[in-house]
Amino acid sequence: MSQSESVRKTETIPQWKQDEVDELVDFISGYESVGIVGVTGIPSRQLQSMRRELHGSAAVRMSRNTLVTRALEEVNDGYEQLTEFIAGQVALVGTNDNPFGLFKQLEASKTPAPINAGEVAPNDIVIPEGDTGVDPGPFVGELQQVGADARIQDGSIKVMSDSHVLDEGGVVSENLAGVLSELGIEPKEVGLDLKSVFSEGVLFSPDELAIDIDEYRADIQSAAAAARNVSINAVYPTTRTAGDIVAKASNEAKAVALFASIESPDVVPDLIGKADAQLRALAALIDDEEALPEELQGVEAPAAPAADASEEAQPDEDDDDASAEEADDEDEDDDDDGADGLGAMFG
């Protein structure tokens with residue numbers, strides 16, 4: 001066909017088709033995310049029900065495939081990539097939600113449905129163990145023919161164990177379709193089958209949209225917590241961690257002041273409490289209560305304080321060793337003149 005003939009053909013498109021294309025262009029341009037969904041095998045009543053469920057969050061627009069293709073190509077801007085998914089019975093779906101939310105909503109709207117002879121099994125088909133509720137008769141033979149472990153027992157036809165009767169991808173026979181229908185088993189799901197979505201310049205496939213939202217949220221929360229810890233431990237202040245960094249520094253400074261017995265106004269009450277606890281611990285070790293003032297007679301050693309974050313801010317090990325040696329020297333001095341020290345302390 002020559003270029004002039006092509007132009008004439010385009011110019012002579014029936015007005016109703018052009019009007020339909022214009023409406024489809026408006027539909028495509030009116031949503032942030034537009035996709036192609038398969039509607040094959042969905043009864044009209046069920047399709048209308050799905051449309052009602054999507055009302056307010058998404059809209060479905062059906063038309064001839066050729067006109068949908070023309071509209072996508074006319075809009076261009078990347079939407080023409082969706083044309084490769086137009087095959088069979090399809091429709092346009094538009095939403096202002098993100099593609100992940102659209103996919104989740106479409107999947108949730110799917111409902112179980114019986115499978116017909118000649119259809120391909122969407123997954124492994126299993127007839128579960130249990131009483132079929134069918135009276136003894138020819139049906140037991142039909143079950144056995146399709147591969148079910150069935151027999152008559154206690155006046156009823158029972159399946160003795162879970163019976164795998166067809167692999168995923170296998171073609172359903174007439175016998176199997178009849179058995180499944182009799183048992184009320186609906187092995188397939190019917191719904192809007194999302195083929196692809198175009199949103200914000202990106203074409204998404206269903207596999208990319210099928211994520212576990214809870215797991216994804218947990219991963220984000222874990223990453224945020226790890227980043228927060230890095231920021232605090234590296235003393236890299238941000239708007240979210242500056243307060244924690246200051247608090248951590250304050251606790252560490254207080255721990256150093258307590259360890260070194262620095263008489264800062266902020267730690268004097270803690271120093272007094274520490275000295276009081278040491279005094280009571282020492283008094284509890286003295287067997288002769290008459291050697292103690294009345295207020296210290298019969299006291300018990302205070303319980304060891306619970307470890308807190310301030311203990312993380314201890315001096316270096318070398319300083320600890322040096323302090324330990326000094327403490328040992330002080331203990332030796334106390335041994336030499338312990339009686340004089342107690343006398344001076346208690347009067």
Side-chain angles (χ1 to χ4, degrees), residues 1-111 113 189-213 216-217 220:
M1 180 183 296
S2 66
Q3 183 175 358
S4 60
E5 291 175 340
S6 177
V7 171
R8 285 197 302 272
K9 184 176 180 180
T10 302
E11 290 176 348
T12 58
I13 180 174
Q15 187 59 44
W16 71 267
K17 286 187 177 182
Q18 187 58 56
D19 292 342
E20 176 69 5
V21 170
D22 292 341
E23 291 180 10
L24 291 171
V25 168
D26 291 339
F27 179 89
I28 295 167
S29 304
Y31 294 98
E32 296 180 3
S33 302
V34 175
I36 301 293
V37 292
V39 296
T40 302
I42 303 178
S44 177
R45 181 179 298 179
Q46 194 167 359
L47 181 59
Q48 294 304 320
S49 175
M50 292 177 183
R51 280 180 161 176
R52 287 193 296 270
E53 290 179 7
L54 293 172
H55 181 70
S57 61
V60 177
R61 183 70 159 77
M62 299 185 67
S63 185
R64 292 188 178 185
N65 288 358
T66 54
L67 300 183
V68 172
T69 300
R70 184 185 291 270
L72 289 168
E73 292 175 344
E74 189 169 320
V75 175
N76 204 353
D77 294 334
Y79 288 95
E80 70 279 359
Q81 299 177 68
L82 291 171
T83 59
E84 64 178 290
F85 302 98
I86 298 177
Q89 294 180 309
V90 296
L92 285 171
V93 61
T95 181
N96 290 323
D97 193 2
N98 64 72
F100 297 93
L102 174 63
F103 178 84
K104 184 177 181 180
Q105 189 173 9
L106 292 179
E107 288 297 303
S109 69
K110 292 183 177 180
T111 57
E189 286 185 326
V190 173
L192 299 174
D193 186 20
L194 188 64
K195 296 181 178 296
S196 185
V197 179
F198 185 80
S199 178
E200 299 183 358
V202 179
L203 189 69
F204 294 91
S205 68
D207 291 341
E208 295 170 328
L209 300 175
I211 63 174
D212 187 324
I213 300 298
Y216 187 77
R217 182 183 293 110
I220 294 296

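Here the structure is a predicted model, which means the values were calculated and not measured.
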Kindly give the heavy-atom pair with the smallest separation between [X] and [Y], and that separation in Å.
X      : Y      : value
Leu194 : Pro206 : O-CG, 3.1 Å
Tyr31  : Ala59  : OH-CB, 3.4 Å
Ile211 : Tyr216 : CD1-CG, 4.4 Å
Ala58  : Leu102 : CB-CD1, 4.1 Å
Glu208 : Phe100 : O-CE2, 3.4 Å
Phe204 : Ser199 : CE1-O, 4.0 Å

Result block: side-chain N/O donor-acceptor pairs under 3.5 angstrom for residues 75-92, not counting sequence neighbours:
{"residue": "Glu80", "atom": "OE1", "partner": "Gly78", "partner atom": "N", "Å": "3.0"}
{"residue": "Gln81", "atom": "NE2", "partner": "Gly78", "partner atom": "O", "Å": "3.2"}
{"residue": "Thr83", "atom": "OG1", "partner": "Glu80", "partner atom": "O", "Å": "2.6"}

What distance do [X] atom [atom1] and [Y] atom [atom2] have between them, rounded to the nearest 0.5 Å?
X      : Y      : atom1 : atom2 : result
Leu47  : Leu192 : CG    : CG    : 6.5 Å
Asp193 : Ile36  : CG    : CD1   : 12.0 Å
Glu20  : Arg61  : CD    : CZ    : 4.0 Å
Thr66  : Lys17  : OG1   : NZ    : 6.0 Å
Phe198 : Ile28  : CZ    : CD1   : 11.0 Å
Arg64  : Thr69  : CZ    : OG1   : 13.0 Å

Knowing that exactly one of Glu53, Glu189, Gln46 qualifies, which makes a side chain to side chain contact (heavy atoms under 4.5 Å, CB included) with Ser109?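 Checked Glu53, Glu189, Gln46 against Ser109; only one passes side chain to side chain contact (heavy atoms under 4.5 Å, CB included): Glu53.
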Test log, rule side-chain contact (heavy atoms from CB on, under 4.5 Å), inputs Val21 and Glu74: CA-CA 9 Å; Val21 170; Glu74 189 169 320; 3.6 Å; yes
Partners passing ring-ring contact (aromatic ring centres under 6.0 Å, His included) against Phe103 (at least two apart in sequence or in another chain):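 So Phe103 forms no ring-ring contact (aromatic ring centres under 6.0 Å, His included) with any residue.
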When you measure from the side chain of Ser57 to the backbone N and O of Thr95, does any donor-acceptor pair fall under 3.5 Å?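 Not confirmed, Ser57 side chain does not pair with Thr95 backbone.
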Is it true that, when you exclude Lys104 itself, more than 12 heavy atoms of the residues, nucleotides or ligands shown sit nearer than 6.0 Å to its NZ? no
